[in-house]
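To start, the structure under review is shown below, and the notes come after it.
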Amino acid sequence: MFKNLLRIGVNLSLFNTTYVLCKSIKDEKLPHYHFLNEQDLNKLLKKHQNLSIIDRSYTEHILSIIRDIETDTVEFRKNSDRLIRILIEQAISQIEKKKHVKQSPLGYYDAHEVKFEDEEICFVSILRSGNAFLFEGLKAVSGASIGQILIQRNEDTALPSYLFQKLPANIKDQQVILMDPMLATGNSATLALRILKNQGVKQENITFLTLVSCEQGIEKLFREFPKMKIITAQVDPILLKDFNYLAPGIGNFGDRYFGTIKKSQQSGQQQ
Amino acid sequence: MFKNLAKLACCLGLVNGTFLMCSQLKNDHSHNKMQHYNFLSENELHNLLNKHQNLSILNRNQTEHILSLMREANTDIVTFRKNADRLIRILMEQALAQLEKQNSVKQSPLGFYDANEVKFSDQEICIVSILRSGNAFLNEGLRVISGASIGQILIQRNEETSMPKYFFEKLPENINEQQIILVDPMLGTGGSASMALKILKNYGVKEENIIFLTLVSCEQGLNKVFKEHPNIRIITAQVDPILIKESNYLAPGIGDFGDRYFGTVKKHTRSVQV
């Protein structure tokens, strides 16, 4: 058990220099995590009306590649971008629309268009990992404004620290799409949402996008902000207590996407 | 009625030199004379989906805004292309979601998990474009499946007879072993699509390995293609209610997709009275 924790710690680059009994830890000792089944997911969706989980057929291939420890940076980014695009399209499809009548080359038709201009939509990224969403975000909504909130999770306590924010002056009038790849304890997201609330943003105008989440995180957010919307690509079964990482999870998304994985030293035997 | 047809033909760039009684056709009159097309209701769409098990129609929430911008006659080319690309991307993701997957066990940084991945590598997937309009799909197609092979079939529709005419093809040698994603933005009569599918079948491609992607279609086209090729899959963004008999254009439609995407819309002069 302790060996497993050490091994996981090494994989997550949580330790700088590690003296691990590497030779005696074989792969088979790591647990095999099973995803939530359709029933569990349906219960979750019934419990939280404002929760959307993207259809499995779209996401399982992509997520499998992202989760795979062997996946290199290029493939990781490419697949993350694909998945992020899917999430963003889903977020946009849920934004309020209004009707008018417009003219095609052949005649008139009922036009159903998003009620807001590009500029009335604000992507708020929870730095650093949330920035990964901006590339695809701007491809889909090229005129959107971008807000940034820097929150770093203290690795020892798992509590978030607020460091910095830069938001549009009129953010309370905007449709906000808040982004962070992982939703684990929900502490960072909660902090960001409180900051938005302080700026006058209404809950109903916030959609939170996340790649992988877990039940605990979802519950925490909805308890404090019941009227916001959450869209996630998949809900993982476990939140590991010791590290507050999702399992099977993706590892450290920011490190993997931005290529800042620390190469840990795996030296000889334990002293 | 004739004025409407003439005006339609004008908008579609079908008539080269047009002598129209333009000064008499004022805009406010033509507003009343041009038709207002209503989209199919949820019921009608359900009937269609029940009739054709291999048909998928994208969720209206995702497509109506984008399609509205594309349909609008005034939309400039930059906006048209951007929205076409967005919609094509959504269609491509749906096609990939329907490809066969296989299970394995893989390792994440924290442990093992059940991996369900598409059974085929990029190279085993072939995007076959029905030139010229189909080429619009290649942009986004290659972003999603960067290692896919590309096949091309040139079929042009004779504007007068609406019959498809075959000109040219270039397909990978081993196409009979590949998963095919056949692409053409519009599905009107179904003539061109059907011809392309016959060509693919001549090469030994099995129907079950073909997914046909189209932005806007109509019931007649869908019926024709499924009748001749019942085991293919079709994914469309929206089904338009009408196929205009005289021109075989969809209504409300998008106009001529190829001209609008590639910027080759003919500018016609409106001269004086006849």
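All chains are named by letter (A, B, ...) in the order of the sequence lines, taking the proteins before the strands, and each is independently numbered beginning at 1. Just so it is clear, the values below take in all heavy atoms, side chains as well, and ignore hydrogens, waters and symmetry mates.
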| Around A:E117, counting heavy atoms of other residues, nucleotides and ligands shown, do more than 12 lie under 6.0 Å from its CD? | no

Could you tell me the separation between the [atom1] atom of [X] and the [atom2] atom of [Y], rounded to the nearest 0.5 Å?
X	Y	atom1	atom2	answer
B:H65	A:K115	NE2	NZ	14.5 Å
B:I244	A:L106	CD1	CG	4.5 Å
A:S104	B:L250	OG	CG	10.0 Å
B:N74	A:Q103	CG	CD	7.5 Å
A:Y33	B:F112	OH	CZ	10.5 Å

At a heavy-atom separation under 4.5 Å, does [X] approach chain B through its side chain, its backbone, both, or neither?
X	answer
A:T59	neither
A:I95	neither
A:I238	neither

Would a 4.5 Å heavy-atom cut-off, applied to side chains only, mark [X] and [Y] as touching?
X	Y	answer
A:D110	B:H36	yes
A:K139	B:R89	no
A:Q90	B:N61	no
A:E89	B:R86	yes
B:P252	A:K102	no
A:R85	B:V144	no
A:R82	B:L96	yes

| remark: Honestly, the part of B:I254 sitting under 4.5 Å from a heavy atom of chain A is backbone

| message | Heavy-atom cut-off 4.5 Å, strictly under: side chain, backbone, both or neither for B:T75 against chain A? | response | neither

| For B:K106, which of A:T71, A:I69, A:D68 qualifies under side-chain contact (heavy atoms from CB on, under 4.5 Å)? | A:D68

| task | Determine the sole option in B:R60, B:E64, B:Q62 for which the side-chain contact (heavy atoms from CB on, under 4.5 Å) test with A:S93 is passed. | result | B:Q62

| Hey, which of B:M70, B:Q94, B:K82 has the most heavy atom pairs under 4.5 Å with chain A? | B:Q94

| Best-contacting candidate, B:R143, B:R260, B:K101, against chain A by heavy atom pairs under 4.5 angstrom | B:K101

| task | Tell me, please, which residues at least two apart from B:Q98 pass side chain to side chain donor-acceptor pair (under 3.5 Å). | result | B:S56

| field | N/O donor-acceptor pair under 3.5 Å between A:S64 side chain and B:E117 backbone | value | no

| request: Determine yes or no for a side-chain-to-main-chain donor-acceptor pair under 3.5 angstrom, with B:S68 supplying the side chain and A:E113 the backbone. | output: no

| query | Between A:I86, A:I250, A:I92, which has the largest tally of heavy atom pairs under 4.5 Å with chain B? | reply | A:I86

| note | Listed by number, the residues in residues 232-243 of chain B that come under 4.5 Å of chain A (heavy atom to heavy atom) are none

| task | Search all heavy atoms of A:H32 against all heavy atoms of B:Y113 and return the closest pair with its distance. | result | NE2-C, 4.1 Å

| Is it true that the side chains of B:E72 and A:Y109 contain a donor and an acceptor less than 3.5 Å apart? | no

